[in-house]
Amino acid sequence: MTADREAHLALSDNAARQLANATKTVPQLSTISPRWLVHLLQWTPVEAGIYRLNKVKNPTRVQVTCSQRDEAEIPPTYVDYEEQPREYFLNSVSSVVDVHTRVSDLYSSPHDQIKEQLRLTIETIKERQESELINNPEYGLLANVDDSQRISTLTGAPTPDDLDDLIARVWKEPAFFLAHPLAIAAFGRECTRRGVPPPTASLFGSQFLTWRGLPLVPSDKLPIDDEGKTKILLLRVGEKRQGVVGLYQPGLVGEQSPGLSVRFMGIGRNAIASYLVSLYCSLAVLTEDALAVLEDVEVGKYHDYPDTYK
């Protein structure tokens, strides 16, 4: 019997796999991202879903004096407050997960069907949360940059000079830049062109490019328009620093993590079990100089390099 015929008579891999056990992964969701912004913000619990931002009115009118060793009169002063402070309201990102009991009863090995359905839904909701923190027209970062804190790039592509200008506007303890990954790559090219490659820093076990010691944190939620332009943000964070803070509702029924709840809604007559997944969040910029934006950032600009670098 020839070797070819012996191979033909042997059990094939394709047939054997029908009877063999296989290691099965949980469902993989390609839209999941690290969501660094959510991790780097400081989160503040909110009562009754409302966060009132009180501010000093006319801060330059608060007067003090420095004594010149004479009998000069000390000027009186007081600190006035804005009569109508802004109030931030929590928004809800929600979804209802439906799972037929037949599916969860019969097909929950090796992976629990309900658990995986909830996990994937929660991941999607958290992705939407980060997008809202950046792009929401009411409380998102891009919509709440003061006009005095908006600058444009000098040449289109993001340069070290542009990021220095951002730092000059958020100079009181800036925390991090927030940029689309393509904008960070464009900044890296400009630094390389100038011979000043940016150093890296380790956060949460990952490496980040930095500039002046501040990490450039990537987020694909920052939009890129049809002309290939985007924006780069610089933030100061935390209540103590009068920066940017995330807002969430504590003490929810079925709370899984801050601001996130999962509640069983019951089983209908069609034998479908329903679960309500809700995440309550918002964001507040405590002072105008806590946030600045670099606009008109071109991400598709490349340069010709000498042959030795190709």
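Positions are given from 1, in the same order as the sequence printed here.
Nearest heavy atoms, A157 versus K301: CB-CD, 3.7 Å. When every heavy atom of I151 is checked against every heavy atom of D162, the shortest pair comes out as CD1-O, 4.0 Å. Scanning both residues, D289 and V170, for their nearest heavy atoms gives O-CG1, 3.5 Å. When all heavy atoms of P137 and A143 are compared, the pair lying nearest together is O-CB, 3.6 Å.
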Side-chain polar contacts of residues 208-216 - donor-acceptor pairs under 3.5 angstrom, sequence neighbours left out - could you list them?
residue	atom	partner	partner atom	Å
T210	OG1	P199	O	3.0
W211	NE1	D164	OD1	2.9
R212	NE	D164	OD1	3.0
R212	NH2	D164	OD2	3.0

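L283 and V46 fall within a single hydrophobic cluster, where Ile, Leu, Val, Met, Phe, Trp and Tyr side chains are chained together by heavy-atom contacts under 4.5 Å. In the hydrophobic clustering of ILVMFWY residues, with side-chain heavy atoms under 4.5 Å counting as a link, F176 and V38 come out together.
Cation-pi check for R189 over Y302 is met; the charged atom lies under 6.0 angstrom from the ring centroid and within 45 degrees of its normal.
Between R241 and E173 there is a salt bridge, with a side-chain nitrogen of the basic residue lying less than 4.0 Å from a carboxylate oxygen of the acidic one. Of the charged side-chain nitrogens involved, at least one lies within less than 4.0 Å of a carboxylate oxygen, so that K55 and E288 count as a salt-bridged pair. Checked for salt-bridge contact, R52 and E87 meet the test: a charged N lies under 4.0 Å from a carboxylate O. Using a 4.0 Å cut-off between charged side-chain N and carboxylate O, R61 and D80 make no salt bridge. A salt bridge between D161 and R194 is present, with a side-chain N of the basic residue lying under 4.0 Å from a carboxylate O of the acidic one. Using a 4.0 Å cut-off between a side-chain N of Lys or Arg and a carboxylate O of Asp or Glu, K57 and E83 qualify as a salt bridge.
Paired with K221 under the rule side chain to side chain donor-acceptor pair (under 3.5 Å), one option of H180, E132, E130 passes, and it is E130. If you run side chain to side chain donor-acceptor pair (under 3.5 Å) between R119 and each of Q117, E116, E123, only E116 comes through.
Side chains of S282 and N91: a donor-acceptor N/O pair is absent below 3.5 angstrom, by distance only.
Formation of a donor-acceptor pair under 3.5 Å by the N58 side chain with backbone atoms of T60 is not found in this model. Looking at E127, its side chain does come within 3.5 Å of a backbone N or O of S33 through a donor-acceptor pair. With R236 contributing its side chain and Q242 its backbone, the two residues share a donor-acceptor pair below 3.5 Å. Judged by distance alone, the side chain of S261 and the main-chain N or O of E255 form no donor-acceptor pair under 3.5 Å.
In R128, the CZ atom is not crowded: 12 or fewer heavy atoms of neighbouring residues, nucleotides or ligands sit closer than 6.0 Å.
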Could you go through the side chain to side chain contact (heavy atoms under 4.5 Å, CB included) check for V145 and R169 one step at a time?
CA-CA 11 Å; V145 181; R169 282 164 171 75; over 6 Å; no

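In this structure V96 satisfies the side-chain contact (heavy atoms from CB on, under 4.5 Å) test together with D98, M265, S274, L276, sequence neighbours excluded.
In this structure, L118 and Y275 have side chains that are in contact, with non-hydrogen atoms separated by less than 4.5 Å.
Pairs passing the ring pair (Phe, Tyr, Trp, His ring centres under 6.0 Å) check and including a residue from residues 102-144, sequence neighbours excluded, do not occur.
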